[in-house]
A.B. asks: 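The structure is given below, and queries will be raised subsequently.
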Amino acid sequence: MKKITNPENLEILRNSLIKQENPSMTCISVCLGTGCQASGSKDIIESLKQEIEKQKLSEKIKIKSTGCHGFCERGPIVVIRPRGIFYQKVKPEDIAEIINRTILKGEIIDSLLYVEPSTGKKVIYEHEVPFYKKQNRIIFGSNGSIDPTNIEDYIRIEGYSALSRTILKMSPEEIIEEVKRSGLRGRGGGGFPTGVKWESCRNAHGEPKYILCNADEGDPGAFMDRSLLEGNPHSILEGMIIGAYAIGSNEGYIYVRMEYPLAVERLKIAIAQAEEYGLLGKNILGLGFDFTIKINRGAGAFVCGEETALILSIEGKRGDPRQRPPYPAQKGLFGKPTNINNVETWANVPLIINRGAEWYSKIGTAESKGTKIFSLVGKINNTGLIEVPMGMTLREIIYDIGGGIPGGKKFKAVQTGGPSGGCIPEEFIDLPVDYDELTKVGSMMGSGGMIVMDENTCMVDIAKYFLTFLADESCGKCVPCREGVFRMLEIVTDITEGKGKEEDIPLLEELSKTIVDTSLCALGGTAPNPVISTIKYFRSEYEAHIKEKRCPAGVCKALICYEILADKCTGCGACLKVCPQEAISGEKKKVHTITQEKCIKCGICMDTCRFEAIEVK
Amino acid sequence: MLRSDPLKITIDGIETEVEKETTILQLAKKLGIEIPTLCHHDAISTYGACRVCTVEVGIPRSGGGKRTRMVTACNYPIRDNGLNINTKSERVLAVRKMILELLLARCPGVKRIQDMAKEYEITESRFPIENPEEECILCGLCTRVCQEIIGKSAISLVGRGFERKVLTPFDEPSEDCIACGACAYVCPTGAIKIVQEDGKLTIKNWKTSRELAKCLECGEYVGSEAVLQYIKERVSLPEDIFKLCEKCRRKKLQKELITTGK
Ligand SMILES: Cc1cc2nc3c(=O)[nH]c(=O)nc-3n(C[C@H](O)[C@H](O)[C@H](O)COP(=O)(O)O)c2cc1C
Ligand code: SF4
Ligand code: FES
């Protein structure tokens with residue numbers, strides 16, 4: 001491929017790519033995201049290739065390996081276009097049948113269809129899968145239809161047209177104004193207005209200026225940024241180049257966490273291709289603007305995602321946060337003005353330019369515009385990545401998209417915002433999800449984690465779980481976070497072990513105030529959220545642990561015991577055999593008993609019993 | 001850069017004018033307002049780790065009104081006209097108390113912490129003591145003085161969270177450390193122990209010993225050999241400058257003056 005040396009040639013290339021594309025040709029797209037790869041999608045592609053070769057069908061069928069579709073739980077996912085037939089949990093053995101029946105005869109293979117858990121109904125087409133139906137996948141949607149290792153796929157669907165338009169027709173100030181008017185706010189957690197941030201970096205004194213993309217994504221269970229990096233890397237590059245032009249920077253870095261090898265590989269390919277096509281590097285599109293992007297591998301600590309720590313880390317120093325002001329926009333990388341945005345924030349930029357701020361700002365709520373990608377996990381039927389307009393209610397997300405709670409259990413709470421978010425109880429199930437509403441109820445948007453909990457969840461145990469993570473990940477620089485979060489964990493652990501005292505709840509509240517008020521960075525500043533929100537909404541559970549030494553959800557090991565119900569036990573002996581402690585005794589066909597002193601509360605007896613004869617007390 | 005007009009601000013009810021970019025701590029010192037600090041030293045870069053210098057500020061909003069924030073006085077640059085600083089509000093006192101209570105549980109035997117806590121009516125901590133011997137509050141003054149003033153970086157902060165420590169690389173005797181003792185000098189709690197024995201200066205925390213140089217005349221110790229060498233290199237002093245102790249050097253000089261009669 002020769003470099004594209006002017007915007008017209010980009011359009012010529014795009015038009016020819018669109019013409020080449022035969023819309024009626026069968027295209028089998030196979031998800032090659034990390035999730036689907038883990039469940040074997042690479043083998044699917046191999047089998048497909050072999051089968052197509054064998055049957056000499058390569059003229060008629062195209063295979064496309066794509067990025068993550070979001071519904072990883074149902075992987076490997078195969079979509080047959082143009083009909084849009086949606087097959088899930090596909091195995092290499094299914095391939096011959098897919099070719100012979102679906103492709104050649106147009107038949108649907110029943111056993112590969114998705115069954116909606118709540119209704120038991122089978123769904124044939126991708127757009128009818130309830131998981132996708134209520135989503136608005138303006139950022140994430142292309143993931144399922146483009147090959148991320150092929151820049152021409154991206155160019156075909158409007159790719160780099162925003163870049164060409166901005167450099168050709170807009171002044172930097174106009175671009176910033178457009179981003180401001182769109183209402184885009186940072187998707188990395190803080191929710192700071194992106195246009196305002198760009199402007200302050202543009203106006204800052206000092207040369208050179210740097211552009212950073214924060215792809216550290218350290219929240220456990222979050223993988224929206226990874227999926228974008230893997231599935232649509234050019235959208236991020238394009239966003240960064242536009243930002244660089246608007247801010248006046250010629251050098252950018254993408255800071256990717258160590259655990260994302262596939263994302264790095266895809267980024268490297270994307271950067272090389274963009275350079276080859278003249279869309280990145282010197283004299284972009286022949287318009288006289290230079291911009292290069294380098295990849296930096298993160299060292300793995302959660303706190304390195306904090307912007308000042310991230311900058312130190314790129315400089316090769318220890319990644320501890322430092323006091324702001326000065327903000328990176330004034331003094332960032334190598335002491336120079338630096339603009340840092342999250343992966344998803346950057347991916348929104350080309351869309352805003354292409355569709356216009358007017359269009360974009362119609363999506364969402366008054367203060368939160370556009371869509372947000374969430375990682376929906378926990379006690380929910382459909383887990384995966386979802387993209388919804390800001391302002392969608394928790395109920396719609398959990399029940400309409402997530403398909404509700406499995407096993408007929410009751411919804412108890414949803415934790416949003418990553419490890420330092422808060423737990424939102426059922427009374428707020430109709431809360432519209434946006435930055436400000438989540439903050440109002442004691443949680444936050446964070447990077448978009450959503451963990452659903454059912455009635456079998458102990459809220460004190462949950463608070464302990466998140467505190468453990470945060471105490472571990474605190475960098476240890478400032479006293480309130482290092483000492484304070486550690487003390488909160490100590491107290492909460494005591495409570496779950498039946499050693500709680502009456503004074504513990506007020507002490508936790510007192511500690512929280514100081515930690516929130518005085519921590520150096522937002523890790524400490526938000527770390528008390530899981531405790532404060534659970535005390536606020538589930539105080540009686542704390543009290544039961546402290547005063548009655550009882551765990552109402554039956555989770556905290558020190559406060560429960562397993563007992564065999566005499567009227568249900570058949571004396572089958574199954575539990576006796578599996579107990580690792582030999583704590584169960586009893587003769588065949590007679591009621592068994594558990595010796596409490598020996599029991600380690602692993603619960604394996606209860607899982608084994610077929611007669612529901614074992615109970616947690 | 002252009003010098004801008006001084007800013008009009010209020011601190012503890014006193015209206016005053018101040019140069020832009022002055023820190024709250026610098027201003028408070030000038031006015032004789034006391035703000036406690038642990039990780040701050042005027043000659044070393046600010047760090048903002050101990051948080052005991054926290055004060056409350058009211059920052060004017062562009063649309064009128066103020067938003068209140070808790071900031072650290074040692075590194076908060078004054079930039080807004082109309083800033084209202086309160087160094088002793090109820091909220092400030094409450095957080096300082098809690099921070100000192102946390103530090104007291106960490107370092108129960110350190111006099112400086114005990115005294116500071118006492119000033120805020122804290123004599124005992126409600127938190128269990130993990131290590132009664134602990135004296136380090138991880139203020140980072142030692143690592144900063146070593147790097148910034150001495151130019152050595154012999155010690156650094158390692159580990160995260162509650163496990164954080166100041167150590168030499170791999171906790172082995174340091175090659176870079178010249179046993180100058182600047183770290184012990186700036187340490188607010190006396191956690192860094194230096195002993196002089198068998199003609200050597202040893203910093204116990206860094207497991208590092210350096211030979212002491214002796215005065216050629218009287219045999220008194222002049223200082224750590226490595227330090228003298230380092231100073232000679234850095235300021236290109238004559239090779240024999242530290243062969244004598246200060247007293248003997250003066251004596252010798254006087255003698256020379258008398259004999260040569262100049
Ligand atoms: C402890 C901590 C971890 C963070 N981790 C991330 C992260 O993994 N990715 C990210 O984009 N932002 C992260 N942030 C937020 C960044 O500091 C910064 O606000 C963000 O990258 C700015 O981009 P945005 O304006 O596009 O959101 C983290 C913040 C804190 C305090
Ligand atoms: S709040 Fe926690 S993570 Fe942030 S600087 Fe302080 S100790 Fe480090
Ligand atoms: S003196 Fe200001 S934070 Fe330590």
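So you know, we letter chains A, B, ... as the sequences are listed, proteins then strands, and number each from 1. Atom set for the values below is all heavy atoms of this structure, side chains included, hydrogens, waters and symmetry mates excluded.
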A.B. asks: Identify the residues of residues 54-73 of chain B whose heavy atoms come closer than 4.5 Å to a heavy atom of chain A, ordered by number, or report 'none'.
C.D. replies: Thr54(B), Arg69(B), Met70(B), Thr72(B)
A.B. asks: Which answer fits Leu511(A), side chain, backbone, both or neither, if we ask what part of it has an atom under 4.5 Å from a heavy atom of chain B?
C.D. replies: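 Both backbone and side chain.
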A.B. asks: How about residues 304-315 of chain A versus chain B: which residues have heavy atoms under 4.5 Å apart?
C.D. replies: none
A.B. asks: Using heavy-atom distances under 4.5 Å, tell me whether Glu490(A) contacts chain B through its side chain, its backbone, both, or neither.
C.D. replies: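 Interface part for Glu490(A): side chain.
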A.B. asks: Check this for me: does any side-chain nitrogen of one of Arg487(A) and Glu130(B) sit under 4.0 Å from a carboxylate oxygen of the other?
C.D. replies: yes
A.B. asks: If we ignore hydrogens and angles and just use 3.5 Å, is the side chain of Arg322(A) paired with the main-chain N or O of Tyr47(B) as donor and acceptor?
C.D. replies: no
A.B. asks: Output the option from Cys475(A), Cys478(A), Pro325(A) having the highest count of non-hydrogen pairs under 4.5 Å with chain B.
C.D. replies: Cys475(A)
A.B. asks: Does this structure show an ion pair linking Glu510(A) with Arg126(B), if we count only N-O contacts that are shorter than 4.0 Å?
C.D. replies: yes
A.B. asks: So which part of Asp472(A) gets closer than 4.5 Å to some heavy atom of chain B, the side chain, the backbone, both or neither?
C.D. replies: backbone
A.B. asks: Under 3.5 Å, side chain of Arg51(B) to main-chain N/O of Thr518(A), donor-acceptor pair present?
C.D. replies: yes
A.B. asks: Does Phe334(A) have any ring pair (Phe, Tyr, Trp, His ring centres under 6.0 Å) partners at least two apart in sequence or in another chain, and if so, which?
C.D. replies: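 Scan of Phe334(A) (ring pair (Phe, Tyr, Trp, His ring centres under 6.0 Å), adjacent residues dropped) gives Tyr210(A).
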A.B. asks: Could you walk me through whether Arg96(B) and Asp517(A) pass the salt bridge (charged side-chain N to carboxylate O under 4.0 Å, His left out) test, one step at a time?
C.D. replies: CA-CA 11 Å; Arg96(B) 272 192 208 150; Asp517(A) 270 354; over 6 Å; no
A.B. asks: Could you name each residue pair satisfying ring-ring contact (aromatic ring centres under 6.0 Å, His included) that touches residues 153-181 of chain B, not counting sequence neighbours?
C.D. replies: Phe486(A)-Phe162(B)
A.B. asks: Could you tell me whether a side-chain N or O of Arg160(B) sits under 3.5 Å from a main-chain N or O of Ser474(A), the two making a donor and an acceptor?
C.D. replies: no
